[in-house]
Amino acid sequence: MTARNISRFWEWGRKIICVGRNYADHAKELKNAIPKEPVLFLKPPTAYVREGSPILVPLYTTNLHHEVELGVVIGKGGTAIPQSAAMEHVAGYALCLDMTARDIQDECKSKGLPWTMAKAFNTSCPVSEFIPKERIPDPAKVSLWLKVNNQLRQSGCTSQMIFSVPYLISYISDFITLEEGDLILTGTPKGVSAVQEHDELQAGIEDIVTMSFTVDRQDH
Ligand SMILES: O=C(O)/C=C/C(=O)CC(=O)C(=O)O
Ligand SMILES: [Mg+2]
């Protein structure tokens, strides 16, 4: 049997755990309160899409937003991981987009319903190549950016996160056992905005990684 390679974690079928409202400037732009504890939701592994394949706009939305985020790839599983040991569980990182059907999310919020249709659809999690842990010595000090059709829409630094990577790993693992190959999306800075069919999205982390995706309409 061939060993699975963590640098292709998106093929493993593991959990994608997303943190919301983790940057005060983004919470404010959507008129949300600053959270006292992390806001969490999940995407299924079918949300992954890789460069070379398009991001598909679901038929049921007219307001699909980009959210650029630092993804943390778990290398060693665990339950109730203390913050002091959290970074030992990290294999590396990935640049990720948390594609969000904002109109559907607003509807779900107004009805008190979960965000699944807004956040968990096919291709809602574009990911870059795997970034080995050594390339990001401090995940609290990296800058992320995103452009749509060459226009800068998002630019932020992970130093602005409300809850740090070790805190998130510890908090999540208290009630969801983390497994090797899981991915944690750590939230987006301000600047989220709508994308349209045929748009070109480019995103990057400093000089560490860049990625680009086109947007296409789902055809069925
Ligand atoms: O509460 C809202 O209106 C929206 C929240 C999000 O979409 C949260 C995120 O996914 C994020 O902050 O990255
Ligand atoms: Mg998000």
Side-chain angles (χ1 to χ4, degrees), residues 10 15-49 55-58 60-74 93-128 139-140 142-148 153-165 167-169 171-172 176 182-195 201 203-205 211 213 215:
W10 54 84
K15 304 182 286 298
I16 307 171
I17 303 153
C18 308
V19 181
R21 303 177 188 168
N22 199 23
Y23 288 74
D25 57 3
H26 171 60
K28 271 191 215 146
E29 76 179 340
L30 294 185
K31 301 186 174 38
N32 291 306
I34 309 300
K36 295 210 165 38
E37 291 295 343
V39 174
L40 301 178
F41 56 92
L42 297 169
K43 290 180 191 275
T46 44
Y48 280 127
V49 60
I55 298 168
L56 297 175
V57 185
Y60 53 75
T61 181
T62 57
N63 194 16
L64 181 66
H65 277 198
H66 54 78
E67 295 188 357
V68 69
E69 310 201 2
L70 177 69
V72 179
V73 182
I74 298 298
Y93 302 91
L95 179 61
C96 307
L97 304 185
D98 169 16
M99 298 306 297
T100 302
R102 197 69 71 196
D103 46 353
I104 306 302
Q105 187 186 37
D106 288 345
E107 203 178 314
C108 294
K109 282 167 67 181
S110 70
K111 294 180 180 165
L113 293 172
W115 299 350
T116 310
M117 282 189 71
K119 290 283 197 180
F121 53 86
N122 292 343
T123 76
S124 61
C125 189
V127 277
S128 72
V142 280
S143 299
L144 315 170
W145 57 268
L146 178 137
K147 292 180 184 177
V148 179
R153 297 269 181 96
Q154 289 191 271
S155 170
C157 181
T158 53
S159 60
Q160 300 164 319
M161 281 184 191
I162 299 169
F163 302 108
S164 68
V165 168
Y167 183 90
L168 291 170
I169 289 172
Y171 181 89
I172 293 166
I176 300 175
D182 283 352
L183 176 71
I184 300 174
L185 264 61
T186 55
T188 197
K190 73 170 182 206
V192 300
S193 68
V195 297
L201 272 58
I205 300 180
M211 64 180 186
F213 286 88
V215 179

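We count ligands from 1, going down the list as the structure has it; atoms in each ligand are counted the same way. Along the sequence shown, residues carry numbers from 1.
At under 3.5 Å, a nitrogen or oxygen of Thr188, whether backbone or side chain, sits near a nitrogen or oxygen of ligand 1. The shortest N or O to N or O distance between Thr100 and ligand 1 is not under 3.5 Å. Looking at ligand 1, you'll find an N or O of Asn32 within less than 3.5 Å of one of its N or O atoms.
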From CA spacing to verdict: salt bridge (charged side-chain N to carboxylate O under 4.0 Å, His left out), Lys190, Glu67: CA-CA 9 Å; Lys190 73 170 182 206; Glu67 295 188 357; over 6 Å; no
Evaluation steps, side chain to side chain donor-acceptor pair (under 3.5 Å), between Thr62 and Asp103: CA-CA 7 Å; Thr62 57; Asp103 46 353; 3.3 Å; yes
CA sep, side-chain torsions, deciding dist, call: Leu95, Trp145, side-chain contact (heavy atoms from CB on, under 4.5 Å): CA-CA 10 Å; Leu95 179 61; Trp145 57 268; over 6 Å; no
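Using a 4.0 Å cut-off to heavy atoms of Glu69, the atoms of ligand 1 that qualify are 13 (O). Proximity to Gly20 (heavy-atom distance under 4.0 Å) selects the following atoms of ligand 1: 8 (C), 9 (C), 11 (C), 12 (O). Taking every heavy atom of Phe41 and a limit of under 4.0 angstrom, the matching atoms of ligand 1 come to 10 (O). Proximity to Lys119 (heavy-atom distance under 4.0 Å) selects the following atoms of ligand 1: 6 (C), 7 (O), 9 (C), 10 (O). Annotation for ligand 1: atoms under 4.0 Å from non-hydrogen atoms of His26 are 11 (C), 12 (O).
Angle OD2 (Asp98) to the Mg ion (ligand 2) to OE2 (Glu69): 110°, rounded to 10°.
Here NE2 of His26 is found 8.0 Å from CD of Gln154. Values are rounded to the nearest 0.5 Å. The NZ atom of Lys119 sits 10.5 Å away from atom SG of Cys125, with the distance rounded to the nearest 0.5 Å.
The nearest N/O/S atom of Glu67 to the Mg ion (ligand 2) is OE1.
When non-hydrogen atoms are compared, ligand 1 lies under 4.0 Å from neither the backbone nor the side chain of Tyr23.
From the protein, the heavy atom lying nearest to atom 4 (C) of ligand 1 is Gln105 NE2, 3.3 Å. Residue, atom and distance of the protein heavy atom nearest to atom 9 (C) of ligand 1 are Glu67 OE1, 3.3 Å.
Ligand 1 lies out of reach of Lys31, whose nearest heavy atom is not under 4.0 Å from it. Ligand 1 lies within reach of Val19, whose nearest heavy atom is under 4.0 Å from it. The shell of residues lying under 4.0 angstrom from ligand 1, judged by heavy atoms, includes Gly187.
Proximity of a side-chain donor or acceptor of Ser128 to a complementary backbone N or O of Ala94 within less than 3.5 Å is not detected. Between the side chain of Thr123 and the main chain of Ile55, no donor-acceptor pair closer than 3.5 Å is present. No side-chain donor-acceptor contact under 3.5 Å links Thr61 to the backbone of Pro58.
Of the listed options Lys109, Arg21, Lys190, Arg21 places a heavy atom closest to atom 12 (O) of ligand 1.
Across His65, Glu29, His66, a single residue satisfies side chain to side chain donor-acceptor pair (under 3.5 Å) together with Ser193, and that is His66. Looking at Met117, Lys109, Lys111 one by one, the single match for side chain to side chain contact (heavy atoms under 4.5 Å, CB included) with Leu113 turns out to be Lys111.
Thr186 and Asn22 are not linked by any side-chain donor-acceptor pair at a separation below 3.5 angstrom, with hydrogens and angles left out of the test.
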